[in-house]
Amino acid sequence: MNTDAMPNATPLTRFLIEEQRRLNAGPGSAVTGGLTALIHDVRLACKRIAALIGKGALANALGEAGTINAQGEPQQKLDVLANEIFLRTNEWGGQLAGMLTEEQQDPYPIPQQYPRGPYLLLFDPLDGSSNIDVNVSVGSIFSVLRCPEGVSEPTAEDFLQSGSAQVCAGYAIYGPATMLVLSTGHGVHGFTLDREIGEFSLTHPNLRIPETTSEFAINASNSRHWEPAIRRYVHECLQGQSGPRGRDFNMRWIASLVAETHRILMRGGVFLYPRDRRDPQQAGRLRLLYEANPIGFLIEQAGGRASTGFGPLLEVKPESLHQRVSFIFGARTEVERIERYHRDHNEFELDVPLFGTRGLFTTHTV
Ligand code: MN
Ligand code: MN
């Protein structure tokens, strides 16, 4: 037998069905045949998007679409196409009662001709799309909730569930290799797309995030707006070996949530998109229901911590569909440190000379 044609890696479908058996899923268990069928369709949507993105400029799909999304942001052509792919690939299967996408203000109702199911699918069809023209890794993020009992025409209210209620969450990353990383609440597992056979195979079982790290990711161009706790944290990291942390840190910023998450799941680190002082009404930048919650679910399942900076992210009670949130996640001890700094931040308001002549982001040239 040709062993190359029969690798040991477990295909995604087999993994899910075996997980179902292992958990002896009965009624009431999260991992059911219906959920497996739903993930199957999500996986197909991701493969379709991977194929489209992999063609780059040849697909004639780069550039702006000339339209805006639910948040008033300009859409790329690929945002619109990826959204269509997600809706069309998942609407027919009979597992869903409704969908919520970053690209549309209101929930998407399942068309009348298709049966309804017990789940809700929430997604960011293309994350990091503002970077697509420069060939940086982008991704898709998804979250699966249970539709409340007896509801077949879900309203916005039915989608407003906290992250701890998710039955499955994951993302696809379209990088040098396309991967699907997901959790059904029993650890986080990574699957790599074998383009020749068109299937995802288990390559990264049981991902775990190291509790400590010397790598942090933040958009430092916002530093003048940061709250004191964040200024203190970053300042101490930048001081390196001679500062209170006693070791040197590396800084990373890809500006693609999926790519940042993937790096942290692979080798550790901490990510910060904190709320800041630009708009006190706005809690942060990332969207709670289809960005922060699914990523937070994965991070916690991998032993890391997902936080608003003030408390557990997955316990935030959503108030609106496209609500934004302050999001800090990754290595548990670093996230807990940032939460601690937030608790006593006022003491440090004047102590962190981030922009003074002694600070590391000096405003004068030397
Ligand atoms: Mn996004
Ligand atoms: Mn997006």
Side-chain angles (χ1 to χ4, degrees), residues 42 45-46 48-50 52-53 61-90 99-108 121-144 159 163 166 169-175 178-182 217-219 222 253-265 271-275 282-299 306 313 318 320-329:
V42 169
C46 294
R48 284 176 165 155
I49 295 169
L52 180 64
I53 286 173
L62 299 186
E64 295 203 349
T67 48
I68 55 165
N69 70 6
Q71 281 91 66
E73 299 161 338
Q75 289 175 305
Q76 303 287 308
K77 284 184 202 164
L78 280 171
D79 285 323
V80 177
L81 291 170
N83 191 47
E84 279 297 306
I85 288 172
F86 247 88
L87 294 174
R88 294 293 92 73
T89 310
N90 289 292
M99 292 189 253
L100 176 72
T101 162
E102 177 189 28
E103 304 301 331
Q104 289 167 224
Q105 194 66 53
D106 298 320
Y108 176 85
L121 180 65
L122 300 76
F123 55 88
D124 175 353
L126 197 58
D127 173 71
S129 62
S130 62
N131 291 325
I132 194 95
D133 290 356
V134 293
N135 207 9
V136 166
S137 294
V138 292
S140 302
I141 309 173
F142 66 93
S143 164
V144 180
F159 287 83
Q166 292 171 103
Y171 64 82
I173 180 166
Y174 314 112
T178 287
M179 287 186 67
L180 193 59
V181 177
L182 58 81
I218 191 165
N219 183 351
N222 292 328
W253 188 252
I254 312 173
S256 162
L257 177 62
V258 163
E260 308 274 5
T261 302
H262 196 68
R263 185 190 62 250
I264 288 171
L265 281 170
F271 171 97
L272 304 89
Y273 211 122
R275 100 183 168 190
Q282 197 159 288
R285 160 112 189 111
L286 294 165
R287 272 62 59 99
L288 176 60
L289 287 177
Y290 43 78
E291 290 183 319
N293 271 348
I295 297 300
F297 188 77
L298 296 173
I299 294 296
L313 178 96
S320 63
L321 292 176
H322 300 282
Q323 171 177 349
R324 293 172 192 263
V325 71
S326 173
F327 192 22
I328 293 164
F329 68 84

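One-based numbering, in listed order, for ligands and for the atoms of each.
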Among the N, O or S atoms of D124, which one sits nearest to the Mn ion (ligand 1)?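 In D124, the heteroatom (N, O or S) nearest the Mn ion (ligand 1) is OD2.
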Hey, which N, O or S atom on D127 ends up closest to the Mn ion (ligand 1)?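 For D127, the N, O or S atom at the smallest distance from the Mn ion (ligand 1) is OD1.
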Nearest atoms (heavy-atom pairs only) where G163 meets F297: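 Nearest pair, atom of G163 first, then F297: O-CD1, 4.1 Å.
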Measuring to the Mn ion (ligand 1), does E291 have an N/O/S atom at a distance below 2.8 Å?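 Coordinating: yes.
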Only to 10 degrees, please: what angle do the OE1 atom of E102 and the O atom of L126 make about the Mn ion (ligand 2)?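 Vertex at the Mn ion (ligand 2): approximately 160°.
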So, do P125 and D79 sit near enough that their side-chain heavy atoms are less than 4.5 Å apart?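 Of all side-chain heavy-atom pairs linking D79 with P125, none is under 4.5 Å.
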Under 3.5 Å side-chain donor-acceptor pair for N83 and T101: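 Present: a donor and an acceptor within the cut-off.
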F327 ring center within less than 6.0 Å of Y273 ring center: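 No - the distance between ring centres of Y273 and F327 does not fall below the 6.0 Å cut-off.
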Look at the N, O or S atoms of G128, main chain and side chain alike, and state whether any lies under 2.8 Å from the Mn ion (ligand 2).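 Given the 2.8 Å cut-off, G128 does not count as a ligand of the Mn ion (ligand 2).
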Looking at N135, I'd like to know if its CG atom is crowded, meaning that more than 12 non-hydrogen atoms belonging to other residues, nucleotides or ligands lie closer than 6.0 Å.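 For N135, atom CG is not crowded (no more than 12 foreign heavy atoms under 6.0 Å).
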